[in-house]
Amino acid sequence: MIDRVCEVAIPRPFLGTLAYSIPEGLIERVRPGVRVRVPLGKRGTVGVVDRLGLSDQRSEEPGRLRPVGDVLDDSEVADPQLLELCRWIADYYVAPLGVILKTALPPGLLGGRAGTSEPAVRTERIVRIVRRLETLIDRDETFGRAARQREAYETLESLDGEAALAHLTGHLGFSRSVIDGLTGRGLVELADRTVERDPFAGAPATRDLIVPTADQARVLDSLREMAGSGVGSVALLRGVTGSGKTLVYLELLESVLAAGRSGIVLVPEISLTPQTVARFRGRFGDDVAVLHSGLSDGERYDAWRALREGRKRIAIGPRSAVFAPLRDLGLVVVDEEHESSYKQSDTPRYHARSVAIVRARLAGCLCLLGSATPSLESWHNGRAGRYRVLELEERVTGHGLPTVRLIDLKTAREAGAGDASDDATRGERGPLIVSPELSEAITARLARGEQSILLLNRRGYATFVECLDCGRVWSCRNCSVTLTFHRRRARLVCHHCGFEMAPPASCDECGAPEPRFTGVGTEQVERRLAELFPEARLARMDLDTTGTKWAHVEILDAFRDREIDILLGTQMIAKGLDFPGVTLVGVINADVGLHIPDFRATERTFQLLEQVAGRAGRGADPGEVLVQTSRPRHFALARAAEHDYVGFAERELADREEPVYPPHVRLANLVVSGLREDRVADEADSLAEWTRALIDDRELDGIEVIGPAPCAIDRLRDRWRWHLLIKSRHAAELGAVLRFLANRRARVDSELRVEIDRDPESLL
Ligand code: ADP
Ligand code: ZN
């Protein structure tokens, strides 16, 4: 009787699963991981069977359940391990299992308009030999004077017995009647073959010839031992920029494949890491499925099937690649593990690094986290002995890490802007963008035909428009943020909701003319550079110049081919690029991220500086880094200037003791939002009160509620936002509190929303 019912996960925003009975005819086919069509409300929907039998909490009578309508799969779309992984996510991040499964499966399999339909498989007509002619005499007798038919037949033989019809009649020039002749003799048949739509397919595998250095070999020995042990484990590889971490991943993956297992490689964003992806494709060719955001639904579905059927054994992609349906998983690599893009910013708010670790544990394999600047969470876990820490302290090539010079913006002057006696009129000279030192350094690179990378992590022209008379600041109509002036578009733009307006000619409050545009963004730097270096070939890379799908790749290709002298950009140019021609990295203003009201602001500043500095001097010529800042003594900058990750981490870990923040505690951010501020504030208050009472009631200790308070961005897309933080010494207790909260949420008024973000990457 117990197996006549099942729990089904539905991709809708409610926690828990729904129970259904299984009609007689479907008993054989309903099992965990297959999709079923079930009644829900007036219409049906499609879900995934979570388990047979009923969950313990269920109070309904099994006899009164509605029946499963249909079973859609013969083999499960989520195998037991993947299903277990999704259950872990549902539990840990208090998110609906059905929504997680929808994220984990290729689009179209669950939910959406298509609902159940699998994206159509594309097929092509092929010609295939069905009768072999063994001897020459056979051939002479069979073909007689039909020389063209014989030629076509032998061409097919040389193509391993089959070829696309279009290829034979197109490129190879055989007429259709020749092919029909072969069919008529019963030598070949026409058939349909599914086509892989992977646009990366067909690239030849060329094994790069580099041999691991002694350092890399030492690290590899340890990793191979861990990977071969058959138990789940985590290694943290801290390798300075240019220490050759990618080669370590490649070699390790090769041993894993040789042992008949498969691997996943997570990268922060495919379009920003084309070189890393190319090296995997280069080494493993068609064994690799590249899961990038440019894939169509059909292509994604093809890649998913190829992985599931074992035709490809490596999945490389951003965070959702952690769900790649590989069997016999032997390795999960998380490259640049500190990257915040591994955290999904909407439901389910999972962190791919955490999921990767759990997946490796379920598969009994190694999870390898790699970075030059590990997240403090991972570093802390390493020091506590939970992860095995391996280090590469030296660059493999070039001249060691580049020298870093800090330039004090408080005393510097703008390049070419006259002498010190002008100081009184500084305001009229405009902002400081390029100091004389930076200008000289760029000039020297241009003269020597070397390349420069310049970073400013702020796009637009001016980030702030204010009235000098009354102090009015132009803010977004929907969000509590200032509008950024984009000069080329001649608009003020909100970077959060996209609202835009014409720039003001005068103040609409006091009428004073000419509001001031302050706060330098990349667009303004580009203009200044064009003035200072009119002959330089300059490219800007930020969200505004990379709107189209492959724009990043085009800019980076041109830079690699040395068609660009100076590459200016936001943090997107700081990541993983390996260009030997770059000998100078300049940071226009290192303070940009330092004042963001978030406990990770310092960590992010250090990471960004160290990563961007790491782009310099990777080739034959030594690298130099110039960092403009008004806080040269800040430890994040001072430690970055020395490439001293360990020193930075020690200080920052100490700073997070008081007030206490991760990694010393577990954190969840609860955001209440709604259209009316008073109701949002009231709800946040009662939520905080409720949570405190719950903690008292259950006598949970080591857990603390902070707030409520308005969020740093207290209005976003027209919604007011308040939040409270829950800090806990123990993961399990935090989880318990969040589950209670999630159930309370169901009672909240429909217009108000409460969002739970466990292990938040941003508190804004
Ligand atoms: P990381 O990711 O640690 O910053 P990469 O993996 O990009 O470093 O390697 C930096 C450069 O060093 C690459 O151009 C790579 O081809 C080269 N490299 C790596 N290992 C070796 C080696 N053992 N011998 C020669 N060159 C190497
Ligand atoms: Zn806005």
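Because the structure is a prediction, the values reported are computed rather than measured. Indexing begins at 1, ligand by ligand and atom by atom, following the structure's order.
Less than 4.0 angstrom separates some heavy atom of Thr241 from each of these atoms of ligand 1: 4 (O). Each of the following atoms of ligand 1 lies closer than 4.0 Å to a heavy atom of Leu247: 20 (N), 23 (N). Of all atoms in ligand 1, listed by their number and element, those nearer than 4.0 Å to a heavy atom of Pro212 are 23 (N). Counting atoms of ligand 1 from 1 in the listed order, those under 4.0 Å from a heavy atom of Thr213 are 23 (N).
Rounded to the nearest 0.5 Å, atoms CD (Glu677) and CZ (Arg719) are 13.5 Å apart. Taking NE2 from His399 and CZ from Arg618, the interatomic distance works out to 13.5 Å, rounded to the nearest 0.5 Å.
Contact check for Ile264 versus Leu329: side-chain heavy atoms found under the 4.5 Å cut-off. By the 4.5 Å heavy-atom criterion applied to side chains, Thr241 and Leu401 are counted as neighbours.
For atom 2 (O) of ligand 1, the closest non-hydrogen atom of the protein is Thr246 OG1, 3.7 Å. For atom 22 (C) of ligand 1, the closest non-hydrogen atom of the protein is Val211 O, 3.6 Å. Of the protein's heavy atoms, Ile210 CG2, 3.5 Å lies nearest to atom 25 (C) of ligand 1. If you check which protein heavy atom lies closest to atom 12 (O) of ligand 1, you get Val396 CG2, 3.4 Å. The protein non-hydrogen atom at the shortest distance from atom 4 (O) of ligand 1 is Gly242 N, 2.6 Å. In terms of protein heavy-atom proximity, atom 10 (C) of ligand 1 is closest to Arg618 NH2, 3.7 Å. The protein heavy atom nearest to atom 13 (C) of ligand 1 is Asp578 OD2, 3.0 Å. Shortest contact from atom 3 (O) of ligand 1 to any protein heavy atom: Lys245 NZ, 2.8 Å.
Salt bridge annotation for Glu500-Arg477: absent, with no cationic side-chain nitrogen under 4.0 angstrom from a carboxylate oxygen.
Counting heavy atoms closer than 4.0 Å to ligand 1, residue Arg615 contributes nothing at all.
Of all protein N, O or S atoms, those under 2.8 Å from the Zn ion (ligand 2) number 4.
Qualifying salt bridge (charged side-chain N to carboxylate O under 4.0 Å, His left out) partners for Asp557, counting only residues two or more places apart in sequence or in other chains: Arg560.
The two residues Gly239 and Lys245 have their closest heavy-atom pair at O-NZ, 2.7 Å. Considering all non-hydrogen atoms of both residues, Ala372 and Arg238 come closest at O-CG, 4.0 Å. Gln216 and Thr213 get closest at one heavy-atom pair: OE1-N, 2.8 Å. Between Pro374 and Tyr645 the shortest heavy-atom distance is O-OH, 2.8 Å.
Aromatic ring pairs are classed by plane angle as parallel below 30°, tilted from 30° to 60° and perpendicular above 60°; the pair Phe485 and Tyr461 is perpendicular.
For the pair Ser243 and ligand 1, a heavy-atom separation below 4.0 Å is found. Val240 counts as a contact of ligand 1, since one of its heavy atoms falls under 4.0 Å from the ligand. Not a single heavy atom of Arg395 sits less than 4.0 Å from an atom of ligand 1.
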Item checked: side chain to side chain contact (heavy atoms under 4.5 Å, CB included) assessment of Trp720 paired with Ser480 -> CA-CA 9 Å; Trp720 293 94; Ser480 58; over 6 Å; no
Check: Given Phe559 and Phe579, is the ring-ring contact (aromatic ring centres under 6.0 Å, His included) satisfied, shown in steps?
Finding: CA-CA 8 Å; Phe559 194 55; Phe579 295 117; 5.3 Å; yes
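In terms of polar-atom proximity, defined here as any N/O pair under 3.5 Å, Gly244 does make such a contact with ligand 1.
Geometrically, Arg319 does not engage Tyr342 in a cation-pi contact, judged by NZ or CZ lying under 6.0 Å from the ring centre and within 45° of the ring axis.
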